[in-house]
2 protein chains.
Amino acid sequence: MNNSDLKKAGLKITLPRVKILEILEKARDRHLSAEDIYTILNESGEEIGLATVYRVLTQFEEAKLVIRHHFSEGHSVFELDLGTHHDHLVCVKCGHVEEFVDELIEKRQKAVAENAGFCMTDHSLNIYGICKACQM
Amino acid sequence: MNNSDLKKAGLKITLPRVKILEILEKARDRHLSAEDIYTILNESGEEIGLATVYRVLTQFEEAKLVIRHHFSEGHSVFELDLGTHHDHLVCVKCGHVEEFVDELIEKRQKAVAENAGFCMTDHSLNIYGICKACQM
DNA sequence: ATTAAAAGTGCGATTTTTTGCATGATTGAA
DNA sequence: TTCAATCATGCAAAAAATCGCACTTTTAAT
Ligand SMILES: [Zn+2]
Ligand SMILES: [Zn+2]
Ligand SMILES: [Zn+2]
Ligand SMILES: [Zn+2]
């Protein structure tokens, strides 16, 4: 995910966008909220407004550069959209996220939707629990 | 879901609570947001503040009288907790909700969590799409 | 019925997220 | 490089969600 992806999406290459992409690149083990990203920017000395962070994330979502998730905490969290669908295991203690794909589940979902006469456009499956590290 | 359920939960029986329960009872084919409920209350002439609606719904959630969902629209929606777990098909056009349980999916989820060393506490599976009625 | 303790409500204030607008940066063409 | 068009940004204002507090209502004991 880099400047040429921004270009392709019709977005100008600006400092806030580049920095926010960088932050998302580095956050592989957890998904970040707009506040989280704003805090990280502040701590690294960037003077980027909170409104800009929200706006950029929404634009990235529309451009399919990031995926927005609604985990049970309430506020949105974001991850880079690397194009490969996956679902999530979320630790309710530490926020750690693990990704998984279960083909059988995927298949059954399609069947469920078809059965109900729904034309499925998307789905989200989150498994909440206590991760290995937090159990100790 | 009635006054005795409120009592059991240690909640006093008050007009806002009774009315909100009634509204949730009637909304079987869709899940309502706090705003939705506030609007319905207003239209039926009840002078109940929006803050109260938010508060009551949160109390109901804590008392396990309702379940809070985070569908992709962003804001929370609520349904009565009738004690039987189910997942959701959500129409992205009209908000219609259908419930389902797929034992195979449930079983696989447990396996996925176990595999990752997570102690599963909960899960949420939402299938988004266009419902039968909206396809016509 | 009366009454006091406890809990709930409405209102306004606060926090969180989004939006509008004037200013500033980026881009491609000259 | 220079420049104009276009798009982004920061700030402040607005909207959405939550919280604090003074005032009611509920409840259960008298
Ligand atoms: Zn999936
Ligand atoms: Zn953990
Ligand atoms: Zn992910
Ligand atoms: Zn529909």
Side-chain angles (χ1 to χ4, degrees), chain A residues 2-24 31-42 44-63 65-66 68-78 95, chain B residues 2-24 31-63 65-78 95:
Chain A
N2 54 34
N3 293 0
S4 100
D5 293 298
L6 287 176
K7 277 232 168 79
K8 271 182 227 157
L11 297 170
K12 286 183 179 169
I13 294 161
T14 65
L15 187 71
R17 288 178 181 157
V18 172
K19 287 287 168 197
I20 291 173
L21 276 189
E22 277 176 22
I23 289 170
L24 288 170
H31 292 355
L32 302 175
S33 69
E35 269 302 333
D36 290 337
I37 291 172
Y38 177 66
T39 303
I40 294 171
L41 284 168
N42 259 336
S44 68
E46 301 295 341
E47 308 241 320
I48 293 170
L50 180 55
T52 299
V53 176
Y54 276 103
R55 242 179 328 219
V56 166
L57 287 169
T58 302
Q59 292 162 337
F60 282 3
E61 184 189 15
E62 284 160 0
L65 296 174
V66 308
R68 180 196 298 263
H69 296 289
H70 302 278
F71 293 161
S72 55
E73 316 122 297
H75 49 247
S76 302
V77 296
F78 300 85
Chain B
N2 53 34
N3 293 0
S4 99
D5 293 297
L6 286 176
K7 275 231 168 78
K8 271 181 228 158
L11 296 170
K12 287 184 178 169
I13 294 162
T14 64
L15 188 70
R17 289 177 179 157
V18 172
K19 287 287 168 193
I20 291 172
L21 275 190
E22 277 176 22
I23 289 169
L24 288 169
H31 292 355
L32 302 175
S33 69
E35 272 298 337
D36 290 338
I37 291 172
Y38 177 66
T39 303
I40 293 170
L41 285 168
N42 258 336
E43 283 171 356
S44 69
E46 301 295 342
E47 309 242 319
I48 294 171
L50 181 55
T52 299
V53 176
Y54 277 104
R55 244 177 328 216
V56 166
L57 288 169
T58 302
Q59 292 162 337
F60 282 3
E61 184 190 13
E62 284 160 2
L65 296 175
V66 308
I67 303 176
R68 180 195 297 263
H69 296 288
H70 299 96
F71 292 162
S72 55
E73 317 122 296
H75 49 247
S76 302
V77 295
F78 300 84

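Treat the numbers as computed from the prediction; the structure is a model and nothing was measured. So that the names make sense, note that chain A is the first sequence line, chain B the second, and so on, each numbered from 1.
Taking A:Arg17 as the reference, A:Leu6, A:Leu11, A:Lys12, A:Thr14, A:Val56, A:Gln59, A:Phe60 meet the side chain to side chain contact (heavy atoms under 4.5 Å, CB included) condition, with sequence neighbours excluded. Residues that satisfy the side chain to side chain contact (heavy atoms under 4.5 Å, CB included) test with A:Ile40, not counting sequence neighbours, are A:Ile23, A:Leu32. For the ring-ring contact (aromatic ring centres under 6.0 Å, His included) test, no residue two or more places apart in sequence or in another chain qualifies with A:Tyr54. Applying the side-chain hydrogen bond (donor to acceptor under 3.5 Å, both in side chains) criterion to B:Asn2, with sequence neighbours excluded, gives B:Ser4. With sequence neighbours excluded, no residue forms a side-chain hydrogen bond (donor to acceptor under 3.5 Å, both in side chains) with B:His70. For B:Glu62, there are no salt bridge (charged side-chain N to carboxylate O under 4.0 Å, His left out) partners two or more places apart in sequence or in a different chain.
Side-chain atoms of A:Asp36 come within 3.5 Å of backbone N or O of A:Ser33 as a donor-acceptor pair. No side-chain donor-acceptor contact under 3.5 Å links A:Thr52 to the backbone of A:Ile48.
The CD1 atom of A:Ile37 sits 4.5 Å away from the CG atom of A:Leu24 when rounded to the nearest 0.5 Å. To the nearest 0.5 Å, the span separating CZ on B:Phe71 from NE2 on B:His31 amounts to 5.0 Å.
Residues A:Glu47 and B:Thr52 each lie close to DNA chain D; by heavy-atom proximity, the contact nearer the 5' end of the strand is made by A:Glu47.
For DNA chain D, the contact window with chain B, defined by any atom under 4.0 Å from a protein heavy atom, covers D:dA17 to D:dT27 in 5' to 3' order. Put simply, chain A comes within 4.0 Å of DNA chain C, heavy atom to any atom, from C:dT17 to C:dT27, going 5' to 3'.
When all heavy atoms are compared, the tightest approach of A:Ile20 to A:Val53 is CD1-CA, 4.1 Å.
Listed by first then second residue, pairs satisfying salt bridge (charged side-chain N to carboxylate O under 4.0 Å, His left out) with a partner in residues 45-61 of chain A read A:Lys19-A:Glu46, A:Glu61-A:Arg68, not counting sequence neighbours.
If you check residues 65-74 of chain B against DNA chain D, you find no residue with a heavy atom closer than 4.0 Å. Residues from residues 8-18 of chain B lying near DNA chain C, meaning a heavy-atom separation below 4.0 Å, are B:Leu11, B:Lys12, B:Thr14, B:Pro16, B:Arg17 in numerical order.
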